[in-house]
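Presented below is the structure to which this report refers.
Hydrogens, waters and symmetry mates play no part in the numbers below; they use all other heavy atoms, side chains included. Since this is a predicted model, take the numbers as computed values, not measurements. In this chain, residues are counted from 1 in sequence order.
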Amino acid sequence: MCLSLCLSCAREAGPDYCPAVEVGGLVISELRGDQATQDSFGHYVEVYNASASTVDLQGMRVRLRSTSGDELTFFVRDDLSLAPGAYAVVAPGDPDQSQSFVDYAIGWDISGGSLAESEDEDDSYPLDLMRYRSAFVELLACGELIDQVFYDVDALPAAGTLACGNADSPPSADANDLDSAGCWCVDDQEADPDQPLFGVGLPGSPGGPNRCL
């Protein structure tokens, strides 16, 4: 049983290509983890293109390294063009049935943890991307570290998101290294009326400028 499940979930190695981007050109701009109340939006990592050129995120590696030594890593396997000043949301779940605000769904590229409810066990994709209480979140391209954020124990809010920057002061890799300083704030507001999202919970501002002050 275990062998057949493992074989059915195996993914091929990551892409040989990677985004052409300089250090700091991509910025981790929003993190969403477990919520204290009923929630349908789930975990996600948002990435901002701070460069002056469109970047294809295919081949970008996302890595979470917990302070206890655990690691979770995956690649963006599909074409995903991100214009200058635009945001992309990477989230767990079914690549063929992702939520409207998700630009790339991870599918089986992460394993273990909490599974989606499904009558078919093989369709129960892991949902707890932000599973560590304290961790580094890293973006890598061509083996080079492009951006890194460290969040401490209980830094991820139980209502809303941890968000960096806003429309007037965009996210910056120079300001987002630590969750306790720089650009970060908690976005615990209701969904933006100009960006309707259908679901239960406080979604943050996935795919658009954050609302930090």
Subject >> Steps toward side chain to side chain contact (heavy atoms under 4.5 Å, CB included) verdict (Arg133, Asp154) >> reply: CA-CA 6 Å; Arg133 291 190 66 202; Asp154 298 328; 3.3 Å; yes
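- Judged purely by atom type and a 3.5 angstrom limit, Ser40 uses its side chain to pair as donor or acceptor with the backbone of Val200.
- Between atom OG of residue Ser29 and atom OH of residue Tyr48 there is a gap of 9.0 Å, rounded to the nearest 0.5 Å.
- In this structure, CZ in Phe136 is found 10.0 Å from CG in Asp177, a value given to the nearest 0.5 Å.
- The two residues Ala159 and Val186 have their closest heavy-atom pair at O-CG1, 4.0 Å.
- Between Pro171 and Asn210 the shortest heavy-atom distance is CG-ND2, 4.4 Å.
- Taking every heavy atom of both residues into account, Leu162 and Ala155 meet most closely at CD1-O, 4.1 Å.
- The minimum heavy-atom distance linking Leu197 with Ser100 is given by the pair CD2-OG, 4.5 Å.
- Checking each of Leu82, Asp79, Val76 against Asp56 for a side chain to side chain contact (heavy atoms under 4.5 Å, CB included) leaves exactly one that passes, namely Asp79.
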**OP:** Evaluate the criterion side chain to side chain contact (heavy atoms under 4.5 Å, CB included) for residue pair Arg77 and Tyr104; output intermediate values, then yes/no.
**Re:** CA-CA 9 Å; Arg77 296 180 178 274; Tyr104 181 78; 3.5 Å; yes
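- Screening Val21, Val23, Val62, Leu57 for a side chain to side chain contact (heavy atoms under 4.5 Å, CB included) with Leu139, the sole residue that qualifies is Val62.
- Looking at Arg211, its side chain does come within 3.5 Å of a backbone N or O of Gly204 through a donor-acceptor pair.
- Between Asp147 and Leu26 there is no side-chain heavy-atom pair separated by less than 4.5 Å.
- Transitive grouping of hydrophobic side chains (ILVMFWY, heavy atoms separated by less than 4.5 Å) brings Val90 and Tyr151 into a common cluster.
- At a threshold of 4.5 Å between non-hydrogen side-chain atoms, the residues Asp70 and Arg131 do not count as touching.
- Between Pro157 and Asp188, every side-chain heavy-atom pair lies at or beyond the 4.5 Å cut-off.
- Note on Leu80: it clusters hydrophobically with Ile146, by side-chain heavy-atom contacts below 4.5 Å among ILVMFWY residues.
- Note on Val45: it clusters hydrophobically with Ile106, by side-chain heavy-atom contacts below 4.5 Å among ILVMFWY residues.
- Under the 4.5 Å side-chain heavy-atom criterion for Ile, Leu, Val, Met, Phe, Trp and Tyr, Tyr44 and Leu31 are members of distinct hydrophobic clusters.
- Glu30 CD to Asn176 CG: the interatomic distance, rounded to the nearest 0.5 Å, is 12.5 Å.
- The OG1 atom of Thr67 sits 7.5 Å away from atom CG of Asp152, with the distance rounded to the nearest 0.5 Å.
- Here the straight-line distance linking atom CD of Glu46 with atom OG of Ser205 works out to 6.0 Å at 0.5 Å rounding.
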Original post:
Under the side chain to side chain contact (heavy atoms under 4.5 Å, CB included) criterion, do Met60 and Leu140 qualify, and how do the steps go?
Top reply: CA-CA 6 Å; Met60 180 182 74; Leu140 300 100; over 6 Å; no
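- The heavy-atom pair separating Gly59 from Phe75 by the smallest distance is O-CD2, 3.6 Å.
- More than 12 non-hydrogen atoms from other residues, nucleotides or ligands lie less than 6.0 angstrom from CD of Glu71.
- When hydrophobic clusters are built by joining Ile, Leu, Val, Met, Phe, Trp and Tyr residues whose side-chain heavy atoms come closer than 4.5 Å, directly or via intermediates, Val89 is not grouped with Phe74.
- Proximity of Pro95 to Tyr125: side-chain heavy atoms (C-beta onward) are separated by under 4.5 Å at one or more points.
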Subject >> Ser53/Ser51 under side-chain hydrogen bond (donor to acceptor under 3.5 Å, both in side chains): CA gap, chis, key distance, verdict >> reply: CA-CA 6 Å; Ser53 304; Ser51 76; 5.2 Å; no
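- Screening residues 136-171 for disulfide (SG to SG under 2.5 Å) gives Cys18-Cys142, Cys164-Cys183 as the qualifying pairs, with residues at least two apart or on separate chains.
- The shortest heavy-atom contact between Leu202 and Gln35 is O-OE1, 4.1 Å.
- To the nearest 0.5 Å, the span separating CG on Asp192 from CG on Asp187 amounts to 9.5 Å.
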Original post:
Can Leu72 and Leu129 be said to form a side chain to side chain contact (heavy atoms under 4.5 Å, CB included), step by step?
Top reply: CA-CA 8 Å; Leu72 186 69; Leu129 172 60; 4.0 Å; yes
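- Looking only at side-chain heavy atoms (C-beta outward), Leu156 and His43 stay at 4.5 Å or farther from each other.
- The environment of Glu138 atom CD is dense: over 12 non-hydrogen atoms of other residues, nucleotides or ligands sit within 6.0 angstrom.
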